Amino acid sequence: MYMPTSHELPPHPIHDGPIPKHAQLRDILEELCETTLQPGDLLPGERVLEETYGVSRITVRRAIGDLVAAGRLRRVRGKGTFVAPNPLVSRLHLASFSDEMGAQDVHASSKILLGGRANAPEEVTQFFGTSANTTHTHLRRLRLGDDVPYSIDDGWYNSQFVPNLLENDIYNSVYAILDTRFNVPITEADQTVTAVSADADMAELLDVAEGDPLLHIVRQSRSGDKPVEWCSSVYRPDRYHLNTRVSRAMEM
């Protein structure tokens with residue numbers, strides 16, 4: 001973990017003028033994040049910033065607060081302020097978490113929280129078209145990018161088409177396993193996006209405060225006409241952005 005000294009900070013003077021001092025300092029700190037610091041590096045302390053740029057503690061805290069709100073910095077109680085990980089940008093196409101991370105030069109990994117066969121909830125069996133007493137694979141994973149938490153995936157996999165998923169390397173892309181091992185590549189999915197509040201378990205796993213807002217996505221995935229996956233995921237909104245293009249339907 002790297003933290004620049006006062007001598008390594010960008011030597012931009014801050015003056016009275018039409019641009020507020022906190023905005024000038026915010027731009028300096030943003031430049032520091034883009035040119036010198038890497039995700040996970042520690043920002044210099046408030047006192048160092050005060051003395052280096054000749055501004056008040058209030059100005060420093062407001063500049064840092066703006067960058068925390070924008071997702072560029074993150075505060076860790078008792079440790080300091082760090083450069084935040086780059087957010088994963090999803091364009092709502094059918095790609096695995098591993099593929100989306102790889103496309104943005106972020107190393108994807110997983111921590112297995114739960115794996116086994118069980119009776120699925122009613123909404124899952126309805127999608128799979130199976131009886132309530134049919135067991136399916138239940139896989140819950142903490143998804144990491146460059147070793148920091150991005151999301152929790154709580155997935156169910158249809159035992160009719162994926163009979164022994166857990167015997168494979170589920171630490172990496174499950175979609176690749178579905179394709180190469182079981183010949184059921186995901187070809188289409190329905191997604192519902194909502195907001196939820198982090199409960200105690202989510203907060204601990206994702207390193208957020210209990211009650212913080214999270215992005216909740218439920219995905220029902222098929223391979224052709226075969227219902228293969230039902231997955232409920234929660235994402236840190238500062239580390240996962242949804243990006244889509246919409247167009248106006250033309251009247252005939």
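Remember, predicted model here, so these are calculated numbers, not experimental data.
Judged by distance alone, with hydrogens and angles left aside, the side-chain atoms of Ser223 form no donor-acceptor pair with the main-chain N or O of Lys226 at under 3.5 Å. Side chain of Thr52 to backbone of Leu49: no donor-acceptor contact under 3.5 angstrom is found. Judged by distance alone, with hydrogens and angles left aside, the side-chain atoms of Thr187 form a donor-acceptor pair with the main-chain N or O of Gly224 at under 3.5 Å. With Asp199 contributing its side chain and Asp201 its backbone, the two residues share a donor-acceptor pair below 3.5 Å. In this structure, Asn168 contributes its side chain and Leu165 its backbone to a donor-acceptor pair below 3.5 Å.
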Check: residues 14-21 side-chain donor-acceptor pairs under 3.5 Å, at least two apart:
from	atom 1	to	atom 2	distance (Å)
Asp16	OD1	Lys21	NZ	3.2

Side-chain donor-acceptor pairs under 3.5 Å in residues 208-216, sequence neighbours left out?
from	atom 1	to	atom 2	distance (Å)
Asp212	OD2	Ala209	N	3.2
His216	ND1	Thr194	OG1	3.4
His216	NE2	Ser232	OG	2.8

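The two residues Gly115 and Leu166 make their nearest non-hydrogen contact at C-CD1, 3.6 Å. Of all heavy-atom pairs spanning Phe127 and Val228, the tightest one is CE2-N, 4.4 Å. The minimum heavy-atom distance linking Phe161 with Val184 is given by the pair CB-CG1, 4.2 Å. The shortest heavy-atom contact between Leu25 and Thr59 is CD2-O, 4.2 Å. When all heavy atoms of Leu142 and Pro149 are compared, the pair lying nearest together is CD1-CB, 4.1 Å. Smallest separation of non-hydrogen atoms from Asn119 and Trp156: O-CH2, 3.5 Å.
The distance from atom SG of Cys231 to atom CZ of Arg141, rounded to the nearest 0.5 Å, is 7.5 Å. Annotation: the span from Gln38 atom CD to Phe82 atom CZ amounts to 15.0 Å, rounded to 0.5 Å. With rounding to the nearest 0.5 Å, the separation of OG in Ser109 from OH in Tyr150 is 10.5 Å. The structure places OG of Ser221 at 9.5 Å from CD of Glu188, a figure rounded to the nearest 0.5 Å. The CG atom of Asp66 lies 14.5 Å from the CZ atom of Arg61; values are rounded to the nearest 0.5 Å. Here the straight-line distance linking atom CG of Leu206 with atom CG of Leu144 works out to 9.5 Å at 0.5 Å rounding.
Two different hydrophobic clusters hold Val234 and Trp230 under the rule that ILVMFWY side chains link at heavy-atom gaps under 4.5 Å. Note on Val218 and Ile186: separate hydrophobic clusters, where clusters join Ile, Leu, Val, Met, Phe, Trp and Tyr whose side-chain heavy atoms are under 4.5 Å apart, directly or indirectly.
Side-chain contact check for Ser159 and His136: at least one donor-acceptor pair (N or O, by modelled atom type) lies under 3.5 Å.
Using a 4.0 Å cut-off between charged nitrogen and carboxylate oxygen, Arg72 and Glu34 count as a salt-bridge pair. In this structure, Asp190 pairs ionically with Arg222, as a charged nitrogen and a carboxylate oxygen lie closer than 4.0 Å. Between Asp207 and Lys79, none of the side-chain N atoms (NZ, or NE/NH1/NH2) sits under 4.0 Å from a carboxylate O, so this pair counts as no salt bridge.
Using a 4.5 Å cut-off on side-chain heavy atoms (C-beta onward), Leu32 and Leu43 make contact. Side-chain contact between Thr81 and Leu67 is absent, with no heavy-atom pair separated by less than 4.5 Å. Between Leu139 and Ile112, the closest side-chain pair of non-hydrogen atoms falls below 4.5 Å.
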- Message: Could you walk me through whether Arg57 and Glu46 satisfy the salt bridge (Lys or Arg N to Asp or Glu O under 4.0 Å) test, starting with their C-alpha distance in whole Å, then the side-chain angles of each, then the deciding distance to 0.1 Å, before giving a yes or no?
- Response: CA-CA 7 Å; Arg57 181 67 58 92; Glu46 292 180 355; 3.4 Å; yes
- Start with the C-alpha distance between Asp153 and Tyr235, add both sets of side-chain angles, then the distance that settles side chain to side chain contact (heavy atoms under 4.5 Å, CB included), and finish with yes or no. CA-CA 9 Å; Asp153 289 353; Tyr235 295 85; 4.3 Å; yes
- Task: Check the pair Thr137, Val162 against side chain to side chain contact (heavy atoms under 4.5 Å, CB included), reporting the backbone distance first and the verdict last.
- Result: CA-CA 8 Å; Thr137 298; Val162 190; 5.7 Å; no
- Any chance you could lay out the side chain to side chain contact (heavy atoms under 4.5 Å, CB included) test for Glu229 and Val174, step after step, and finish with the verdict? CA-CA 10 Å; Glu229 176 200 48; Val174 167; 5.5 Å; no
- Task: Please report the C-alpha distance between Arg140 and Ile152 in whole Å, then the side-chain angles of each, then the deciding distance to 0.1 Å, and finally whether the side chain to side chain contact (heavy atoms under 4.5 Å, CB included) criterion is met.
- Result: CA-CA 7 Å; Arg140 190 166 184 254; Ile152 303 168; 3.9 Å; yes
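With a 6.0 Å radius and a threshold of 12 heavy atoms from other residues, nucleotides or ligands, Glu31 has its CD atom above the threshold. Within 6.0 Å of the CZ atom in Arg62, the count of heavy atoms belonging to other residues, nucleotides or ligands does not exceed 12. Residue Asn183 qualifies as open at atom CG: its count of foreign heavy atoms under 6.0 Å is 12 or below. Around the CD1 atom of Ile58, the shell of radius 6.0 Å holds no more than 12 heavy atoms that belong to other residues, nucleotides or ligands.
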